[in-house]
Number of protein chains: 2
Amino acid sequence: MENYMQDAFLPLRDVVFKTLRQAILTGELKPGERLMEIHLANKLGVSRTPIREAIRQLELEGLVIMVPRKGAQVASITEKSLTDVLEVRLALEKLAVELACKRINYDQKEMLKEKMLEFEQLAGTDDASLIARADVAFHDAIFDSTGNMRLGQMVNNLAEQMYRYRFEYIKDKSGHEKLVLEHRQIYDAIIKGDIEEATKQISVHIKNQEASIINQIRSEKGN
Amino acid sequence: MENYMQDAFLPLRDVVFKTLRQAILTGELKPGERLMEIHLANKLGVSRTPIREAIRQLELEGLVIMVPRKGAQVASITEKSLTDVLEVRLALEKLAVELACKRINYDQKEMLKEKMLEFEQLAGTDDASLIARADVAFHDAIFDSTGNMRLGQMVNNLAEQMYRYRFEYIKDKSGHEKLVLEHRQIYDAIIKGDIEEATKQISVHIKNQEASIINQIRSEKGN
DNA sequence: GGATTGTATATTGTGTACAATATACAAAGA
DNA sequence: TCTTTGTATATTGTACACAATATACAATCC
């Protein structure tokens with residue numbers, strides 16, 4: 001939460017925004033927790049103004065909810081809201097692989113292969129944080145291949161909202177082998193330009209994630 | 001741009017947000033135009049703070065772009081950005097009618113019928129503003145029937161970004177007959193639960209809009 | 001005892017002053 | 001004349017002060 005100086009030079013609101021988002025996604029700030037401006041301002045060593053502007057942005061991203069005259073709190077994820085988001089996300093991920101099949105060029109194929117192999121390498125290790133990043137990189141390579149920036153942006157935003165859970169998902173090493181296989185199958189289908197197969201495989205991939213995350217939510221509720 | 005008092009009681013930032021968004025969508029604020037805080041503050045009779053917070057929100061909605069230390073300007077729509085958005089929107093609209101086919105209940109069917117008939121009524125008149133609103137209401141009825149609020153929210157946000165053009169589209173009375181027919185076909189398909197037909201018809205509907213809007217953009221550029 | 005009202009406190013909402021920076025334009029030098 | 005540099009001005013970035021409001025808790029009344 002400290003050392004926001006790492007990217008000094010860009011406006012404080014953006015630094016604060018990134019800092020708070022990170023804190024929410026990693027679970028440092030928990031669902032339902034209140035975001036009090038003065039407190040955050042003191043903690044981050046800035047005034048209330050950039051804090052407020054950062055909160056406005058988090059609100060639009062769906063990570064916090066504002067109650068007028070009461071302030072902001074970290075959005076809590078219900079099973080219903082999660083399935084709603086995943087329903088949309090699945091449709092967009094399918095669109096992404098379909099477009100990738102149609103439009104991917106040579107360089108992008110190389111990049112996709114590279115990211116897939118990097119993921120395979122890391123999947124054997126213990127660093128969940130690195131693995132998560134490699135997973136994002138693989139998916140980003142797909143979005144790049146669609147030629148539609150907006151699409152990638154939207155899916156990333158949706159994916160972000162369940163980032164906290166996906167991290168747990170990746171920590172479970174027993175699933176790594178399956179993940180590697182899924183990536184490989186998605187990759188193969190895109191390279192072959194086989195839209196039907198690619199959309200089928202991405203669906204499997206997303207639905208496995210969904211099942212895992214819902215399990216987590218249910219077990220949390222049981223606490 | 002004036003009389004923001006209509007919804008006094010909610011925070012000024014939200015009033016300003018709505019006011020500015022409306023101004024952008026109706027074309028009162030034109031693409032590329034700079035949003036200068038002091039100027040807007042004077043014009044709307046508030047201080048810079050709520051203006052700034054409203055601009056932060058508009059930025060996240062994609063209606064304005066921020067340049068650090070230079071300020072905000074109304075986002076301009078290129079043909080490429082438009083087709084990107086429509087590509088995503090089409091996928092989501094298809095998902096919406098598919099889910100509607102599966103989940104619509106009796107009350108929602110009645111509502112959908114009502115909205116369709118209202119649109120047919122108004123399509124004979126001259127009030128483009130009313131017609132546009134009826135069109136939105138029809139589509140909203142579809143989103144309601146999906147049981148997925150998030151989906152409707154996202155599509156509306158995408159649709160909003162081309163609102164300015166759609167208004168021109170609706171002003172062209174020669175297309176009204178076609179619009180009424182398209183709505184009728186979408187409605188019939190949803191009531192029958194015919195997913196294939198519904199997605200086909202919604203695709204036609206969106207692609208007609210796309211063609212019309214692209215025509216407008218090209219003719220504007222020719223000026 | 002329970003409900004209600006009043007009051008203190010905490011927190012957000014708004015306005016405003018000052019700092020930092022970018023831009024335009026003029027002046028000076030080659 | 002062209003380039004460069006300096007300076008004035010406009011504009012955003014940040015901090016802070018005050019106003020408005022919600023919340024909790026105590027005091028009072030029935």
Side-chain angles (χ1 to χ4, degrees), chain A residues 1-21 23-24 29-61 63-75, chain B residues 1-21 23-24 29-76:
Chain A
M1 201 95 162
E2 278 75 24
N3 79 324
Y4 57 86
M5 289 294 286
Q6 51 187 7
D7 27 24
F9 70 77
L10 49 80
L12 284 183
R13 63 164 170 276
D14 291 330
V15 179
V16 174
F17 175 64
K18 286 185 183 178
T19 305
L20 291 180
R21 182 170 63 178
I24 293 172
L29 288 169
K30 294 187 176 42
E33 193 164 333
R34 291 184 65 185
L35 298 173
M36 281 174 303
E37 299 172 359
I38 299 176
H39 179 232
L40 290 173
N42 292 337
K43 193 158 182 178
L44 298 179
V46 300
S47 84
R48 273 177 63 208
T49 307
I51 301 280
R52 288 175 66 79
E53 300 190 340
I55 289 178
R56 293 291 97 75
Q57 299 185 220
L58 290 167
E59 185 188 359
L60 266 286
E61 292 236 313
L63 291 177
V64 310
I65 37 182
M66 287 286 308
V67 183
R69 289 273 158 205
K70 264 200 66 181
Q73 56 182 200
V74 179
Chain B
M1 199 93 163
E2 278 77 22
N3 78 325
Y4 56 86
M5 290 294 287
Q6 52 187 6
D7 28 23
F9 71 77
L10 50 78
L12 284 184
R13 63 163 171 274
D14 292 331
V15 179
V16 173
F17 175 64
K18 286 186 184 177
T19 306
L20 291 181
R21 183 170 62 178
I24 293 172
L29 288 170
K30 294 187 176 44
E33 193 164 333
R34 291 184 65 185
L35 298 174
M36 281 173 302
E37 300 172 358
I38 299 175
H39 179 233
L40 290 173
N42 292 337
K43 192 158 184 177
L44 298 178
V46 300
S47 84
R48 273 178 62 206
T49 307
I51 301 280
R52 287 177 66 80
E53 299 190 342
I55 288 178
R56 293 292 97 74
Q57 300 185 218
L58 290 167
E59 185 188 358
L60 265 285
E61 292 237 312
L63 291 176
V64 310
I65 35 181
M66 288 285 308
V67 183
R69 288 274 159 205
K70 264 199 68 180
Q73 55 181 200
V74 179
S76 46

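Chain letters run A, B, ... following the sequence lines, proteins first and then strands; every chain starts at 1. Worth knowing before you read on, the calculation uses all heavy atoms, side chains too, and leaves out hydrogens, waters and symmetry mates. Only a predicted model underlies this, so the values are computations on that prediction, with no experimental measurement involved.
Here D/dA22 presents its C1' atom at 14 Å from CE of A/M36, a figure rounded to the nearest Å. The distance from atom CD1 of A/I38 to atom C1' of D/dA15 is 13 Å, rounded to the nearest whole Å. Between A/R69 atom CZ and C/dA10 atom P the separation is 17 Å, expressed in whole Å. Note: CD (B/E59) to C1' (D/dT12) measures 13 Å, nearest angstrom. We find that CD of B/E53 is positioned 15 Å from P of D/dA15, with the value rounded to whole Å. Per the geometry, CD belonging to A/E37 stands 12 Å off C1' belonging to C/dT14, to the nearest Å. Separating the CG atom of B/D14 from the P atom of C/dT12 is a distance of 16 Å, rounded to the nearest angstrom. For B/L12 and C/dT16, the CG to P distance is 13 Å, given to the nearest whole Å.
With the nearest nucleotide of DNA chain D identified for both A/R13 and A/R48, A/R13 has the one nearer the 5' end. Nucleotides of DNA chain D nearest to A/K70 and A/P50 differ in position, and the one nearer the 5' end is that of A/P50.
For D/dT12, the OP1/OP2 oxygens have no side-chain nitrogen or oxygen of B/R52 closer than 4.0 Å. Considering only side-chain N and O atoms, B/S47 lies nowhere under 4.0 angstrom from the phosphate OP1 or OP2 of C/dT14.
Nearest nucleotide to the side chain of A/P11, out of D/dT11, D/dT14, C/dG13: D/dT14.
Between the CG atom in B/L29 and the CG atom in B/L63 there is a gap of 11.0 Å [rounded to 0.5 Å]. Considering CD1 of A/I55 and CG of A/L20, their distance stands at 6.5 Å, rounded to 0.5 Å. Atoms OG and CD, from A/S47 and A/E37 in turn, are 10.0 Å apart once rounded to the nearest 0.5 Å.
Between B/R56 and B/E53 there is no salt bridge, since no side-chain N of the basic residue sits under 4.0 Å from a carboxylate O of the acidic one.
If you check every strand for non-hydrogen atoms under 4.0 Å, B/L35 touches sugar and phosphate atoms only.
In this structure, the side chains of B/L58 and B/R21 come closer than 4.5 Å at one or more pairs of heavy atoms.
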